[in-house]
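Written below as structure tokens is the structure these notes are about.
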Amino acid sequence: MKKYDHKKIEKKWQERWEKDKVSKIDKDDRTKEKYYILDMFPYPSGEGLHLGHTESYAASDVFYRYKKMRGYNVLHPQGFDSFGLPTENYAIKTGIPPVKTTKKNIETYTKQMKSLGLNYDFDEKIDTSEPEYYKWTQWLFGEFYKNGLVYKKTSPINWCPSCQTGIANEQVLGGECERCGTEIIQKEIPGWFFKITDFADDLINDLDKVDWPEHTKKNQINWIGKSEGALIKFPIKDLEKEISVFTTRPDTLFGATYMVLAPEHPLVASLLKTINHKSQITNIEEVEKYIKETQKKTEMERIEGKKKTGVEIKGIKAINPVNKEEIPIFIADYVLGGYGTGAIMAVPAHDERDFEFTQTVITSETREPSENFIKNVIKPNSLNDLKKYLEFLEYGETEKEKLNEYLMLVLAGKRLYTGNGIMVNSGKFDGMASEEAKQKITEFAGGKSSSNYRLRDWSISRQRYWGCPIPIVYSPDGEANLIPEKYLPWKLPEDVGFKPTGISPLADSKELKERTEKIFGKGWVPEYDTMDTFVDSSWYFLRYPDAHNLKEFCSKARQKYWLPVDLYIGGAEHTYMHLLFARFFVKAMKKIGLLDFGEPFLKLRHQGMVLDARGRKMSKSKGNVINPDKLVEKFGADAVRIQILFAAPLADDIVWNKDNIVGVYRFLEKVWEIGAAEKNESSAAVKNILQKTIKKVGQDIENLKYNTAVSEMMKFINAVKKSKISRADFEMFLKILAPFAPHLTEEIWYSLRGTRTTNADDTRTNAEIESIHLEKWPDYDEKLIKDKTHTIAVQINGKIRAEIEIEDGLSDEEVKEMALSDKRVQKWMDGKSSKKIIYVKNKILSIVV
RNA sequence: GCCCGGGUGGUGGAAUUGGUAUACACGCGCGACUUAAAAUCGCGUCCCUCUGGGAUGCGGGUUCGAUUCCCGCCCCGGGCACCA
């Protein structure tokens, strides 16, 4: 008997499949139900495919093969998210153009994917840096532009001094650039924005419509960060101006004792500009100095213990709309320019930040004692409420006294209380529940209910080379114009230097400048920025059904049949950016009539990370990266696929232990040996377990519980090794193993059906035999699964005291009698009679004495 | 501080509409085969004071019965962090 030789087998079938074009599907076949399973496409880096990719792609490949065997027309495409910084940085270092590097890396990735037996149709692949693709990225930008979903503004953006580009909020991690770890600074530059905030509510609400992991949904909701409250206007005394604030606590409006403007609030600049106002402000130098300081420190403030600072604008006052009280206005950087209206009403008695500001800034100024500033307008409903609010404080025997003491301090304006309660010191609202007062006081103050979001509009301008050019040109007087569709793709120029200078590399290109002037006229200049690469990946899944269409991003007919994606598999690290942006794109496209569905991914599952044996992330710098190629070389693609799916549930992290794969290899060897051995009639036990295995493996695949599917098949093979199996039964097993081990099963399948076939009904020659991967998924027979006997456990007072064998089909009474007559049971019942007997059919019998 | 996960043998993990905890695999130990080793095969492998008792991070509760449900903690991982 020949030994299992994975190298020979896998190479042979990969070549054969390629020749037979088994990955081709008919995208216009409407006779079958469709299924669209999608992998998050990789960035083709120089390092090649890693084990994380391997897991995710093996998982989707199994699912794809399974669905196909179930009779679906399955789309399972792959592509490359090839624009991006690492390739550009490589160009800066080596001078090799990104186009060249990208081509080479894609070749490597493709080869690796093929060697894993992943059945993608690479003729239909997507490469986001190819003009045929990015033409449509630009076209979509144009559609958004025409429909008011894109705008340009100059604003402080996150700037990475090392990458020399602006980046999105989502790409800042802990104040550092997610790519290079450099500290992010704020910089005022003009750039293009997508109006993702227009869709904030839909992005929250529509999560109800999709089957996604709960934590992913919750994280998206938190990221969007909706808070409900009210917009309230405070007039400024003696000036035709007002300050609008957003608050979630309009019920505390009577307690507003001062206002705070963010240093970048437009009103601040306008007050300082106008002579009249200037002369009214008595401490103008102080104010100007403070603003300058805050501009300078931006990032420092985070590190420096967050002590609150601020300065009063002396000489002007705001008027509280509910009680007409005059209150001072401060500038302080604890109020953020970008959130809400950039201004707040401060209620120190009921807000921790305002309280702190009062303690640290106002009392340190030449002001009255802070008590006069802290006006209580809500008191706890009861001492119990207060206790709950103060749960962090320790109270002993005198708990009640201490609570009372605290309450007195609250009412005296020396402590704060941020909970709900009963209105006091609030005019006609006294005695009302604070929750109820929110609405009432908003109305009384002439304000309106409003929501605010943590989510910002998506800044997409990048001052880099290797990205999709923004299809905009500027007229000689600086007006932005969309480049008409007939000039798309608006190609990335090639005559540029790659060294980042802080201005976009595209500004270097003579060709681009000439092209622009030739088409649009003298003095016209192109947009030099390129798009964030997340734009490329926000719509790629819409392209696969019609990847080569030159007239549309995807034909209506193909859209209607294939979209949206049925199952999407990828890492949880994309929860915030990619998944949010892709959802935004689909919603925006639906709004402007380009799509007729609102959610891109009906079902989403994550794969975990693959960690090294010590539980650390694999990285080049740690030198602990495991190369899948070496594993494939040594153990074969089939073993690598199965081991990585067997190691842990798909969503969990895998701690990669190099020794564990031998277990899977042994399993495959056993399958090989059984395949080569003489076949008999199956034993009754094998017949029974085969049916159970078919059922369980099918269910497990449907639920993406591959680890237990694999263990089930191992159990089956262990049982067969101890018994006998018929050829027909073994072939059934091969079919369910086929999605996991496509090469091995194909080889055995042909050997059984071809040269060695002894089946009289099967007169086909070897060449005519069809691939196992075109077979139907086997049905199981519920009758054969049914066991003839059951072992049931007998509990007495909650402890298991005996096991009894019963025949299937006995009545409950008969089982009870059997149990009660069992010697062991009688011993433990000790002559007592049973008070209660609970029988769970074929599982357990519980006797209470 | 807030939000989201998670804690089961030496290791990865299995089992949840509450029903025999530790399947499957790695590792380890013993044995067979071998001149020997590797490979392979067989047996064993949660702990203990072992006719029994105790274990699913800890402490309570509900129940005939809890890894699963409830209450209160501890620990680990991830995310957010002056968001008014």
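Here is how names work: the chains are called A, B, and so on, in the same order as the sequence lines, proteins then strands, and each is numbered from 1.
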Compute whether any side-chain donor of one residue and acceptor of the other, for A:Tyr290 and A:Thr309, lie under 3.5 angstrom apart.
yes
Considering all heavy atoms, the nearest A:Met713-A:Phe667 contact:
O-CE1, 3.6 Å
Look at all strands and tell whether A:Lys799 reaches a base, only sugar-phosphate, or nothing, counting heavy atoms closer than 4.0 Å.
sugar-phosphate
Kindly point out which of B:G19, B:A21, B:C24 is positioned nearest to the side chain of A:Ile800?
B:A21
Nearest-Å distance once atom P is located in both B:A36 and B:G31:
14 Å
For A:Gly340, which contact category applies under a 4.0 Å heavy-atom criterion: base, sugar-phosphate, or nothing?
nothing
Nearest-nucleotide comparison on RNA chain B, the residue closer to the 5′ end among A:Lys670 and A:Ser711
A:Ser711
Separation of the C1' atoms in B:C26 and B:G44, to the nearest angstrom
16 Å
For the P atoms, the ones on B:A14 and on B:U40, what distance do you get once it is rounded to whole angstrom?
26 Å
Considering only atom P, compute the distance from B:U20 to B:A84 and round it to an integer number of Å.
48 Å
Can you find a side chain N or O atom of A:Tyr334 that sits less than 4.0 Å from OP1 or OP2 on B:A84?
no
A:Gln826, CD atom: more than 12 neighbouring heavy atoms under 6.0 Å
yes
Pairing nucleotide - B:C28, Watson-Crick or G-U, each distance under 3.5 Å:
B:G44
If you go through the side-chain atoms of A:Lys308, does one of them form a donor-acceptor pair with the base of B:C82 closer than 3.5 Å?
yes
What's A:Asn718 touching, base or sugar-phosphate or nothing? Going by heavy atoms closer than 4.0 Å.
sugar-phosphate
How far does the C1' atom of B:G72 sit from the matching atom of B:C28, given to the nearest Å?
40 Å
Check the angle between the aromatic planes of A:Tyr665 and A:Phe635 and answer parallel, tilted or perpendicular using the 30° and 60° thresholds.
perpendicular
What does A:Trp656 touch in the nucleic acid at a heavy-atom separation under 4.0 angstrom: a base, only the sugar-phosphate, or nothing?
nothing
Give one of base, sugar-phosphate or nothing for A:Val848, where a contact means two heavy atoms less than 4.0 Å apart.
sugar-phosphate
Would you mind reporting whether A:Ile344 and A:Tyr334 have side-chain heavy atoms less than 4.5 Å apart?
yes
Compute whether any side-chain donor of one residue and acceptor of the other, for A:Tyr576 and A:Thr216, lie under 3.5 angstrom apart.
no
Rounded to whole Å, CG of A:Asn219 lies from P of B:A81 at a distance of 13 Å
Rounded to the nearest Å, what distance is computed from the CG atom of residue A:Asp812 to the P atom of nucleotide B:G19?
18 Å
Contact class for A:Glu712 (heavy atom, under 4.0 Å): base, sugar-phosphate, or nothing?
nothing
So what does A:Thr791 touch, heavy atoms closer than 4.0 Å: a base, only the sugar-phosphate, or nothing?
base
B:C71 and B:G27: how far apart are their C1' atoms, nearest whole angstrom?
40 Å
To the nearest angstrom, the CG-P distance between A:Asp652 and B:A14 comes to 7 Å
Where the chi angle of B:G78 falls, syn if within 90° of 0 and anti if not
anti
Is the shortest side-chain N/O distance from A:Asn707 to OP1 or OP2 of B:A14 below 4.0 Å?
yes
Picking from B:A25, B:C3, B:G65, which would you name as closest to the side chain of A:Met714?
B:A25
If each of A:Val664 and A:Tyr453 is mapped to the nucleotide of RNA chain B with the nearest heavy atom, which maps nearer the 5' terminus, i.e. the 5' end?
A:Val664
Indicate, with a heavy-atom threshold strictly under 4.0 Å, whether A:Ile344 touches base, sugar-phosphate, or nothing.
base
State yes or no: are the ring centers of A:Tyr453 and A:Tyr339 separated by less than 6.0 Å?
no
Write down the partner of B:G1 under the Watson-Crick or G-U wobble criteria, each distance required to be under 3.5 Å.
B:C80
With distance as the sole criterion, is a donor-acceptor pair present between the side chains of A:Asp333 and A:Thr294 under 3.5 Å?
no
Just N and O in the side chain of A:Ser846: are any of them under 4.0 Å from OP1 or OP2 of B:G19?
no
If the cut-off is 4.0 Å, is A:Arg249 near the phosphate of B:A84, judged by side-chain N/O to OP1 or OP2?
no
Mind checking A:Asp354 for me? I need base, sugar-phosphate or nothing, with any heavy atom below 4.0 Å counting as a touch.
nothing
A:Lys696 NZ - B:C24 P separation (whole Å)
13 Å
Who does B:G72 pair with, Watson-Crick or G-U, both distances under 3.5 Å?
B:C58
Taking the same atom, P, in B:A23 and in B:U11, what whole-Å distance lies between them?
15 Å
Whole-Å distance separating the CG atom of A:Leu416 from the P atom of B:A84:
16 Å
Round to a whole Å and report the spacing from NZ of A:Lys705 to P of B:U16.
6 Å
At under 4.0 Å between heavy atoms, what does A:Lys217 touch on the DNA or RNA strands: base, sugar-phosphate, or nothing?
nothing
How many whole angstroms separate atom CG of A:Asn797 from atom P of B:U63?
15 Å
Does a nitrogen or oxygen in the side chain of A:Arg801 sit under 4.0 Å from OP1 or OP2 of B:G52?
no
Pairing nucleotide - B:A23, Watson-Crick or G-U, each distance under 3.5 Å:
none
Is there a side-chain polar atom (N or O) of A:Arg666 under 4.0 Å from OP1 or OP2 of B:A39?
no
I need the NE2-C1' distance between A:His215 and B:G78, as an integer number of Å.
10 Å
May I ask you to say what A:Phe667 touches in the nucleic acid, namely base, sugar-phosphate or nothing, with a heavy-atom cut-off under 4.0 Å?
nothing
For A:Val335, answer base if it contacts any base atom (sugar-phosphate contacts may also be present), sugar-phosphate if it contacts only those atoms, and nothing otherwise; contact means non-hydrogen atoms under 4.0 Å.
base
Pick base, sugar-phosphate or nothing for A:Asn657, based on heavy-atom distances below 4.0 Å to the nucleic acid.
nothing
Classify the ring geometry of A:Phe740 against A:Tyr706: parallel below 30°, tilted from 30° to 60°, perpendicular beyond 60°.
perpendicular
Say we look at B:G9 and B:G54: how far apart would their C1' atoms be, to the nearest angstrom?
15 Å
Within the pair A:Lys836 and B:U63, is there a side-chain N or O less than 4.0 Å away from OP1 or OP2?
no
Which base, if any, makes a Watson-Crick or G-U wobble pair with B:C33, both distances under 3.5 Å?
none
